[in-house]
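Here the structure is a predicted model, which means the values were calculated and not measured.
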Amino acid sequence: MTKIQRMHGLLALLFLAGASGDAAIKPDWSKVRAIQPGRVAVVLLYEDAAPAGSRKIKGLFSSATDESVTLAMKNGQSRTAEKRAVRKVLVRRPFAKRYLGWIAAGVSAAVIELGLSDDLSAEARILHAAVTLPAAALLFYGSRMGGVYNVPPKHRSSP
């Protein structure tokens with residue numbers, strides 16, 4: 001296995017780690033209450049707590065109380081969801097805090113600039129860039145939303 005193949009394997013592992021990163025149970029509602037108003041947010045509801053086709057609420061965070069969360073929608077209206085119906089709350093991460101994307105971009109830049117060995121040809125560097133730069137872009141895009149609250153159905157206290 002060449003060094004380039006190992007580097008691509010490492011990037012694949014980083015991508016998979018990011019894909020499951022928000023799977024952790026995060027039952028602390030106080031973190032939802034601490035979200036700054038105006039941030040882009042997504043609220044996912046339990047299947048049995050939402051009308052068909054409307055389990056996902058996306059908008060700007062307005063407020064949260066001990067019992068509910070409210071988002072401002074694009075059309076000027078607001079939508080409130082009760083805490084007991086909320087499965088997950090996500091907020092947009094600042095670009096600077098999309099760590100997996102930065103790691104992938106750094107690895108890609110280092111490999112392209114320094115090369116993995118002295119005999120690495122220009123064609124090999126271009127091929128490497130053609131694989132790792134899109135991977136870094138996907139990691140930046142894929143990590144744009146971060147989990148604040150997550151209680152999967154099997155950990156739900158009451159329906």
Common cluster, [X]/[Y], ILVMFWY with side-chain heavy-atom separation under 4.5 Å:
X: V69; Y: L45; answer: yes
X: I35; Y: V86; answer: yes
X: M145; Y: F140; answer: no
X: V89; Y: Y46; answer: yes

**Study point:** Under 3.5 Å donor-acceptor, W29 side chain and Y149 backbone
**Key:** no
**Study point:** K26 side-chain N/O to G147 backbone N/O, donor-acceptor pair under 3.5 Å
**Key:** yes
Which pair of non-hydrogen atoms, one from [X] and one from [Y], has the smallest distance, and what is that distance?
X: K58; Y: V42; result: CG-CG2, 3.9 Å
X: N150; Y: A24; result: ND2-O, 3.1 Å
X: R93; Y: S143; result: NH1-O, 2.9 Å

Review point. If you measure only the distance, is there a donor-acceptor pair under 3.5 Å linking the side chains of T70 and T80?
Key: yes
Check your understanding: To the nearest 0.5 Å, what is the distance between CZ (R144) and CZ (F95)?
Key -> 12.5 Å
Point to revise | Side-chain cluster (under 4.5 Å, hydrophobic types only) that Y99 belongs to, other residues | key: none
